[in-house]
Amino acid sequence: MMMAATTNSLVVLCLAVIVQLALAAEGSDAGPAPLSSQMESKILSMLGLRERPRPRPNATAPQYMLDLYDRLRNESNSGVSAGRCAFPDPAFPGNIVRSVANTGTKLKSLDKSGRRFRQILHFNLSAIPSKETITGAHLRLEFLNTIKKMRSAPTIHLKLYQVTQTVSDMRSSRSEEARGTFRLLTSLSIDVSGGASETVDVLPIVQEWRSGVSENTGLYVAVDIPKSERTTRKANAILVKKLSKLRGRTATLVVVSVDGEQCRNRFRRGAEEDDAPREPHPNLCQKRRLYVSFRDVGWQDWIIAPMGYQSYFCGGDCPFPLDTVLNGTNHAIIQSLVNSADPTSAPKVCCAPTKLSAISMLYFDNEDNVVLRQYEDMVVESCGCR
């Protein structure tokens with residue numbers, strides 16, 4: 001408990017340094033005020049990053065992740081909560097969501113008919129620290145949106161396989177089942193009139209990869225579009241061209257996980273504390289405004305949202321005797337009493353956070369994956385003498 005409290009104090013201290021650097025930069029034309037390498041490393045470590053991410057200059061976040069960030073933030077602001085270290089949406093049972101891009105092959109047509117497509121998908125999971133517990137994994141088949149827009153057939157047939165041996169192409173002289181390098185995971189018939197992207201639950205296979213039960217040699221997607229009276233050779237050619245332009249953006253692996261180290265309760269509220277608004281004297285212990293700007297220290301290239309947030313801090317005096325307005329615990333009242341009698345026997349009580357809340361951040365990690373993460377204890381909600 002003491003170590004957790006110390007860690008949180010360091011977070012507040014580091015954020016305060018960011019604010020001071022930002023304020024110093026306001027009156028200067030020199031641009032963002034850089035952090036020292038030691039301070040930057042400390043903050044990044046607290047955010048769960050080994051080093052400062054440096055995404056490609058043209059890196060963009062998937063619209064799906066941007067929409068998810070906005071939706072979860074709005075749900076949190078509206079008071080919807082699933083508890084500590086959990087997003088308000090039960091579809092994401094954790095405090096971290098990663099969008100992992102496909103690094104496998106392109107989606108290719110096997111013949112001139114434009115009705116048979118194959119693709120090998122590979123997702124690098126090395127950026128997920130071993131300390132995190134994976135609680136969800138969904139494969140988003142985003143190429144289906146392109147097929148649905150063409151409406152070349154009422155339904156399409158899709159099969160998803162686990163690749164059991166390393167393969168580098170989609171030669172299909174025989175059926176997938178006969179090759180021996182593929183294990184069928186699921187077979188779907190998809191209504192192309194539907195609007196949403198199809199998702200497939202792949203948590204079991206991702207957990208196998210993570211535990212080492214099976215080697216991560218990828219997934220194999222087989223798409224077959226039945227003949228239709230509406231299908232023309234020209235329409236098929238257009239579909240093949242559009243799908244080829246998607247390149248690696250045809251499918252995304254969305255992984256949900258929990259970082260248990262950040263889920264400990266670091267603060268306990270006093271039994272007598274409530275949420276009633278209080279108007280203490282300006283010099284007494286209370287919540288004060290503190291805006292943290294990531295843009296002002298040059299982190300806008302890897303932090304997608306937010307560019308800053310109101311973190312607040314606790315400041316002010318805790319005079320003897322402690323008044324009820326100061327949210328003092330029984331321990332703080334006794335310590336204050338002892339200090340007043342003999343200052344050498346016990347230090348003065350301090351103004352400190354008594355309730356903190358979380359924020360969500362969307363950013364690029366060191367592998368160019370887009371990460372949505374909920375960080376606990378980032379915003380001061382109330383203060384008291386402790």
Just checking, Arg288 and Tyr312: is the charged tip under 6.0 Å from the six-membered ring centre and within 45° of the axis? no
Identify the heavy atoms of [X] and [Y] that sit nearest to each other, and give their distance.
X      : Y      : answer
Trp209 : Glu215 : NE1-O, 3.4 Å
Pro55  : Ala59  : CB-CB, 4.1 Å
Asn366 : Glu51  : OD1-O, 3.1 Å
Leu290 : Gln310 : N-OE1, 2.7 Å
Val380 : Lys287 : O-CD, 3.2 Å
Leu372 : Tyr69  : CD1-CD1, 3.6 Å

Drop me the distance from [X]'s [atom1] to [Y]'s [atom2], to the nearest 0.5 angstrom.
X      : Y      : atom1 : atom2 : value
Leu219 : Phe123 : CG    : CZ    : 6.5 Å
Asp365 : Arg373 : CG    : CZ    : 10.5 Å
Leu47  : Met378 : CG    : CE    : 6.0 Å
Thr252 : Leu139 : OG1   : CG    : 8.0 Å
Thr135 : Gln207 : OG1   : CD    : 9.0 Å
Glu198 : Ile156 : CD    : CD1   : 8.5 Å

Got a donor-acceptor contact below 3.5 angstrom from the [X] side chain to the [Y] backbone?
X      : Y      : result
His157 : Ala222 : no
Gln119 : Thr105 : yes
Thr250 : Leu107 : no
Tyr291 : Ser311 : no
Asn102 : Leu121 : no
Thr217 : Val163 : yes
Arg386 : Asn327 : yes
Asn216 : Asn124 : no

[X] versus [Y]: any side-chain heavy-atom pair under 4.5 Å?
X      : Y      : value
Leu326 : Pro319 : yes
Asp89  : Arg71  : yes
Leu72  : Pro88  : yes
Ile304 : Leu66  : yes
Gln162 : Phe182 : no
Arg183 : Ile205 : yes
Leu141 : Leu158 : yes
Val371 : Val97  : no

Flag the pair Phe87 / Phe92 as yes when their ring centroid distance falls below 6.0 Å, and as no otherwise. no
Could you check whether atom NE2 of His331 has more than 12 heavy atoms from other residues, nucleotides or ligands sitting under 6.0 Å from it? no
For a side-chain contact (heavy atoms from CB on, under 4.5 Å) check, start with the C-alpha distance between Lys131 and Asp259, then their side-chain angles and the critical distance, and finish with the verdict. CA-CA 7 Å; Lys131 66 180 180 178; Asp259 182 354; 3.6 Å; yes
Ion pair check, Asp301 and Arg54, cut-off under 4.0 Å: no
Flag the pair Arg98 and Glu132 as a salt bridge only when some basic side-chain nitrogen lies within less than 4.0 angstrom of an acidic carboxylate oxygen. yes
I'd like to know if the two cysteines, Cys285 and Cys383, have SG atoms within less than 2.5 Å. no
Below 2.5 Å, is that where the SG pair of Cys318 and Cys351 sits? no
Quick one, Ile134 with Val256, criterion side-chain contact (heavy atoms from CB on, under 4.5 Å). Give me CA distance, side-chain angles, the key distance, then yes/no. CA-CA 6 Å; Ile134 296 178; Val256 185; over 6 Å; no
Does any donor atom in the side chain of Gln374 or Ser360 lie under 3.5 Å from an acceptor atom in the other side chain? no
Tyr363 meets the ring-ring contact (aromatic ring centres under 6.0 Å, His included) criterion, sequence neighbours left out, with Trp302
Is there a path of hydrophobic side-chain contacts, each under 4.5 Å between heavy atoms of I/L/V/M/F/W/Y residues, joining [Y] to [X]?
X      : Y      : result
Phe320 : Ile333 : no
Tyr220 : Leu184 : yes
Leu322 : Leu337 : no

Give the C-alpha distance, both sets of side-chain angles, the deciding distance and a yes or no for side chain to side chain donor-acceptor pair (under 3.5 Å) between Gln335 and Asn339. CA-CA 6 Å; Gln335 180 176 330; Asn339 173 265; over 6 Å; no
For Asp224, what residues pass the salt bridge (Lys or Arg N to Asp or Glu O under 4.0 Å) criterion, not counting sequence neighbours? Arg116, Arg118
Under the salt bridge (Lys or Arg N to Asp or Glu O under 4.0 Å) rule, collect the residues that match up with Arg289, sequence neighbours excluded. none
Derivation and outcome, side-chain contact (heavy atoms from CB on, under 4.5 Å), residues Phe117 and Val221: CA-CA 8 Å; Phe117 296 89; Val221 179; over 6 Å; no
For Glu208, what residues pass the side chain to side chain donor-acceptor pair (under 3.5 Å) criterion, not counting sequence neighbours? Ser214
Output, in order, the C-alpha distance, side-chain angles, deciding distance and verdict of side-chain contact (heavy atoms from CB on, under 4.5 Å) for Trp299 and Ile43. CA-CA 12 Å; Trp299 283 1; Ile43 298 174; 3.7 Å; yes
Supply the members, apart from Val338, of the Ile/Leu/Val/Met/Phe/Trp/Tyr cluster built from side-chain contacts under 4.5 Å; use none for a lone residue. Ile334
Applied to residues 324-342, the salt bridge (Lys or Arg N to Asp or Glu O under 4.0 Å) test, sequence neighbours excluded, yields none
